[in-house]
Number of protein chains: 2
Amino acid sequence: MNAIPRDRQEAAGVPGCGAAADNRCALCGGREACLPSLFHSDDNAAFERMVAGKRRIERHASLFRANDKFDTFYIVRVGQFKEFVLDPASVQRVVRFYMPGDIVGFDGVATGVHSSRVMALEDSEVCEVPYAQVRKAMHDHPRFLDRFLAAMSATLLDQHQHTRLLTLPSLDGRFACFLLYLSANYARMGYSDTAFRLAMSRSDIGSYLGTTVETVSRLIARFNAQHAVRIERRMVQILDRAKLIAMIDNTAADRCPVPAPTEDRQPEMPVH
Amino acid sequence: MNAIPRDRQEAAGVPGCGAAADNRCALCGGREACLPSLFHSDDNAAFERMVAGKRRIERHASLFRANDKFDTFYIVRVGQFKEFVLDPASVQRVVRFYMPGDIVGFDGVATGVHSSRVMALEDSEVCEVPYAQVRKAMHDHPRFLDRFLAAMSATLLDQHQHTRLLTLPSLDGRFACFLLYLSANYARMGYSDTAFRLAMSRSDIGSYLGTTVETVSRLIARFNAQHAVRIERRMVQILDRAKLIAMIDNTAADRCPVPAPTEDRQPEMPVH
DNA sequence: CGTCGTCTTGAACTGCGTCAAATTACGTGG
DNA sequence: CCACGTAATTTGACGCAGTTCAAGACGACG
């Protein structure tokens, strides 16, 4: 997710799995890295001045909705969120999930208005950081500027990962990718990367993977049968990580086979 | 694409269609808005100092590749680009297209290294803007800081659009969406939004839509037969825009039907 | 213990991927 | 200017993965 600087996330086929950061926020103090190294080598006190306050968000309550005014960033302290847009038929399209340490709100900077809705998947808590303060801090602390830009850029990389996931030809690959992505994020937060609880419903997963609830169910059944994982209700155990990775690679084969461009000029006819 | 501030792009089902900007870059002077209002109300001269130079990129040559060092942004002056990553099987996954006025390189900020490859679809030209200069300008000119952040945020919104496109259940919807997106972008550049040339191959389109070349071919044939468009070779004419929009909406119906959440607390069972 | 919602399972249908071959476009060299 | 070769694009036939519709199972809570 957008925890930064996401220490050199590798470009392999699998979502980034940065090491767990360990910078305690003086405000939060929780055991989660609630603001992952964004400020620590610089001026920690500066950050604390930036934080306007904390806010609790009940399960299923929204942090903000599409068309709400944007003037505040949120850093997830505890809990998880889903971000989604509503398509014409009022169907949710989950665009991403947020976990502790992630920064929420970048989408609003462009227009001053939020373009999507962010809803808590469980009882959660966030730090509020007014955009005005962030701007000021960026001006005053060059290092903070860098870190902040890096954070924003990292969310772009996350989006790319999601895009890659969505273009995997088989659902097996997508689901495997999704599980590894969760695993990596739990690792980043300092939890087990082989056993964790899903905060999201089957519907949310289906939406995120670009498929239906039923198919998600069947995917789970199949993965369980193959002993790659053990998913029961919302508990997940990863039993055979290698098998999951293999599922991504195998299914990725020749789709839109633009041949691997080792040289710069790939063979294609010029346009008249 | 990431031309900014993307004047309040609407949240409707269709990719953003900002109005055509009209700020001439003193350096480029081309009739395309090569740097869309990023600097104009502030200090135009400041920008010109920022631009290190221009660079020509031949068709099929790369602006940069994955793992190349990042230290420069590029603003597309003329031509078009595709950005893609290679999956394990060395297959291209097109993540986005760039058109004149778009800023390229945000992905590199997070790690200092590019995560994808950007290749010219036709003979092109870009302005080079060193990251160091941008940082300095952000520090010196608060308004520029705002604009730059807005630009970055806008690319995030673009990615969301792509994600939404990819989760449309039917290929018809995706392709319709793609055509409207191109149309909107040509409009933004001041060209006709009903007749234009595709810079990308069928393969690239297939990759962008998450499908195969063959299916793209069939989509085109079907759309032609329905007189929604007239696509011949790489020339596109949009004949019935309403029909295209309808194709998106119709196919968007109940997929992962999380009911429209008008109230904040949508009905779902608490987790034990 | 009954109701409600989520999740799972079943069966039938179909859109799209896959493989294969034909066709067209375009650049090259004669 | 024409003939040829390469690569892109189109078209056809077939099979399967995944959607759809429908019903049932499970767990939570009143």
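In what follows, chains carry the letters A, B, and so on, assigned in the order in which the sequence lines appear, proteins first and then strands, with residues in each chain numbered from 1. As the structure is a prediction and not an experimental result, all values here were calculated from the model.
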**Study point:** A:T212 side-chain N/O to D:dT20 phosphate OP1/OP2 under 4.0 Å
**Key:** no

Exercise for review: Kindly say if B:S203 contacts the phosphate of D:dA8, meaning a side-chain N or O under 4.0 Å from OP1 or OP2.
Suggested key: no

Exercise for review: Could you tell me whether A:D204 and A:K82 have a side-chain N and a carboxylate O separated by less than 4.0 Å?
Suggested key: yes

**Study point:** Nucleic acid contacts of residues 215-229 of chain B, taken as heavy-atom distances under 4.0 Å to DNA chain C
**Key:** B:T215, B:R218

Check your understanding: Ring centres of B:F97 and B:Y208 under 6.0 Å apart?
Key -> yes

Can you tell me the distance, in whole Å, between the [atom1] atom of [X] and the [atom2] atom of [N]?
{"X": "A:E214", "N": "C:dG5", "atom1": "CD", "atom2": "P", "result": "17 Å"}
{"X": "A:M200", "N": "C:dC7", "atom1": "CE", "atom2": "P", "result": "12 Å"}
{"X": "A:L166", "N": "D:dG18", "atom1": "CG", "atom2": "P", "result": "14 Å"}
{"X": "A:R234", "N": "D:dA28", "atom1": "CZ", "atom2": "P", "result": "12 Å"}
{"X": "A:I205", "N": "C:dT6", "atom1": "CD1", "atom2": "P", "result": "14 Å"}
{"X": "A:H60", "N": "C:dT6", "atom1": "NE2", "atom2": "C1'", "result": "11 Å"}
{"X": "A:D172", "N": "D:dG18", "atom1": "CG", "atom2": "P", "result": "6 Å"}
{"X": "A:L171", "N": "C:dC16", "atom1": "CG", "atom2": "P", "result": "14 Å"}

Point to revise | Pair A:S207-A:Q92, side-chain donor/acceptor within less than 3.5 Å | key: no

Point to revise | ring-ring contact (aromatic ring centres under 6.0 Å, His included) against B:F81, all qualifying residues, sequence neighbours excluded | key: none

Review point. B:R96 pairs by side chain to side chain contact (heavy atoms under 4.5 Å, CB included) with which of B:V118, B:V104, B:D158?
Key: B:D158

Exercise for review: Take the C1' atoms of the five end pairs on each side of the helix from C:dC1-D:dG30 to C:dG30-D:dC1, get both axes, and report the angle to 10 degrees.
Suggested key: 40°

Review point. Taking only residues two or more places apart in sequence or in another chain, which ones pass salt bridge (Lys or Arg N to Asp or Glu O under 4.0 Å) with A:E125?
Key: A:R56, A:R77

Review point. What residues form a salt bridge (Lys or Arg N to Asp or Glu O under 4.0 Å) with B:R218, not counting sequence neighbours?
Key: none

Exercise for review: Could you list all the salt bridge (charged side-chain N to carboxylate O under 4.0 Å, His left out) pairs where at least one residue sits in residues 221-230 of chain B, not counting sequence neighbours?
Suggested key: B:D172-B:R222, B:R230-B:E232

Review point. Okay, side chain of A:T211, backbone of A:G206: is any donor-acceptor separation there less than 3.5 Å?
Key: no

